[in-house]
**Student:** 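The structure follows.
All values reported here derive from a predicted model rather than from experimental measurement. Both backbone and side-chain heavy atoms feed into the values below; hydrogens, waters and symmetry mates do not.
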Amino acid sequence: MTHSQETLMDEAFSLLQKNGSIPPESIPTALRAAGLNPSEEVVRDLQKEGGKGSQPLDKEGYKKLVSEMDDQADTLESVLEAFRVFDKNLNGTVSTNEFRHIMTSMGEKYTDDEFRELVQGFDNGGVIQYTELAKKMLLPFLDHGNPADFIDKVK
């Protein structure tokens, strides 16, 4: 866990706690404040009966949950694995139209404008080379360093 993440967590805990614990309904906000981006599905799983986010969290419980969830964060390999499911020719590409359909109609839906922004520069004649797109998608989750170095070095 980075120093900046620790600071963000301390600030979030101070703001969101009531009587020394973060109430269950504020846990998603607390996770986002720590730099995580849990999907709605993950939030539902956390908040369901018996889930890790169904009860108030003290400061140590909050830090433990963030640490566990941070370890489960998307890695380049896990994002590539998701793309491979749609790579019908097993050649490192996905159909732009199929990818648009998935991103605008399933899970946390992108708007058409968000989708166009996401694939800008990656759509090549109706297909997307997904390795480079996956790297772009992970850039916001880097703690430090030059994003260009990440793009060049992660293969």
**Student:** Please list, chain by chain and in numerical order, all residues satisfying side chain to side chain contact (heavy atoms under 4.5 Å, CB included) with Lys59, sequence neighbours excluded.
**Tutor:** Asp10, Phe13, Lys63
**Student:** In chain order, what residues pass the side-chain hydrogen bond (donor to acceptor under 3.5 Å, both in side chains) check against Ser21, with sequence neighbours excluded?
**Tutor:** none
**Student:** For Gln55, which residues count as a side chain to side chain contact (heavy atoms under 4.5 Å, CB included) partner, sequence neighbours excluded?
**Tutor:** none
**Student:** Working to the nearest 0.5 angstrom, can you tell me the gap between Met9 CE and Ile22 CD1?
**Tutor:** 8.0 Å
**Student:** Who passes side chain to side chain contact (heavy atoms under 4.5 Å, CB included) against Ser54, sequence neighbours left out?
**Tutor:** none
**Student:** Among the clusters formed by ILVMFWY side chains lying less than 4.5 Å apart, do Leu133 and Leu80 turn up in the same one?
**Tutor:** yes
**Student:** Not counting sequence neighbours, which residues clear side-chain hydrogen bond (donor to acceptor under 3.5 Å, both in side chains) with Gln47? List them please.
**Tutor:** none
**Student:** Among residues at least two apart in sequence or on other chains, which ones pass salt bridge (charged side-chain N to carboxylate O under 4.0 Å, His left out) with Glu114?
**Tutor:** none
**Student:** Are Val79 and Val94 joined in one hydrophobic group, where the rule is that I, L, V, M, F, W and Y side chains link up if heavy atoms are under 4.5 Å apart?
**Tutor:** yes
**Student:** For residues 116-126, dump all side-chain donor-acceptor pairs below 3.5 Å to protein atoms at least two apart in sequence or in another chain.
**Tutor:**
unit_1, atom_1, unit_2, atom_2, d
Arg116, NH2, Asp113, OD1, 2.3
Asp123, OD1, Thr96, OG1, 3.0
Asp123, OD1, Gly126, N, 3.1

**Student:** In terms of hydrophobic clustering (I, L, V, M, F, W, Y; side-chain heavy atoms under 4.5 Å; direct or indirect links), are Leu57 and Val42 co-clustered?
**Tutor:** yes
**Student:** Heavy atoms only: give me the nearest Asp87-Leu90 pair and the separation to one decimal.
**Tutor:** OD1-N, 2.9 Å
**Student:** Applying ring pair (Phe, Tyr, Trp, His ring centres under 6.0 Å), name anything that partners Phe99, two or more places apart in sequence or on another chain.
**Tutor:** Phe83, Phe115
**Student:** Under a 4.0 Å N-O cut-off, is there an ion pair linking Arg84 with Glu81?
**Tutor:** yes
**Student:** Atom CZ of Phe86 and atom NE2 of His101: how far apart are they, to the nearest 0.5 Å?
**Tutor:** 9.5 Å
**Student:** I'd like to check the salt bridge (charged side-chain N to carboxylate O under 4.0 Å, His left out) partners of Glu11; sequence neighbours left out, ordered by chain and number.
**Tutor:** none
**Student:** Only counting residues at least two apart or in another chain, list the ones meeting salt bridge (charged side-chain N to carboxylate O under 4.0 Å, His left out) with Lys18.
**Tutor:** none
**Student:** Assigning hydrophobic clusters by single linkage (Ile, Leu, Val, Met, Phe, Trp, Tyr; side-chain heavy-atom cutoff under 4.5 Å), is Tyr62 placed with Leu8?
**Tutor:** no
**Student:** Pairs of donor and acceptor atoms involving the side chains of residues 24-32, under 3.5 Å and at least two apart or interchain, shall be tabulated with distances.
**Tutor:**
unit_1, atom_1, unit_2, atom_2, d
Arg32, NH2, Pro38, O, 3.4

**Student:** Please tell me if the side chains of Met69 and Lys52 come closer than 4.5 Å, counting only heavy atoms from C-beta onward.
**Tutor:** no
**Student:** Under the rule for side chain to side chain contact (heavy atoms under 4.5 Å, CB included), what residues qualify as partners of Gln129, not counting sequence neighbours?
**Tutor:** Thr93
**Student:** Do the side chains of Val85 and Met137 join up, straight or via other hydrophobic residues, at under 4.5 Å, putting them in one cluster?
**Tutor:** yes
**Student:** Could you state the interatomic distance from CG (Leu65) to CD (Glu60), rounded to the nearest 0.5 Å?
**Tutor:** 12.5 Å
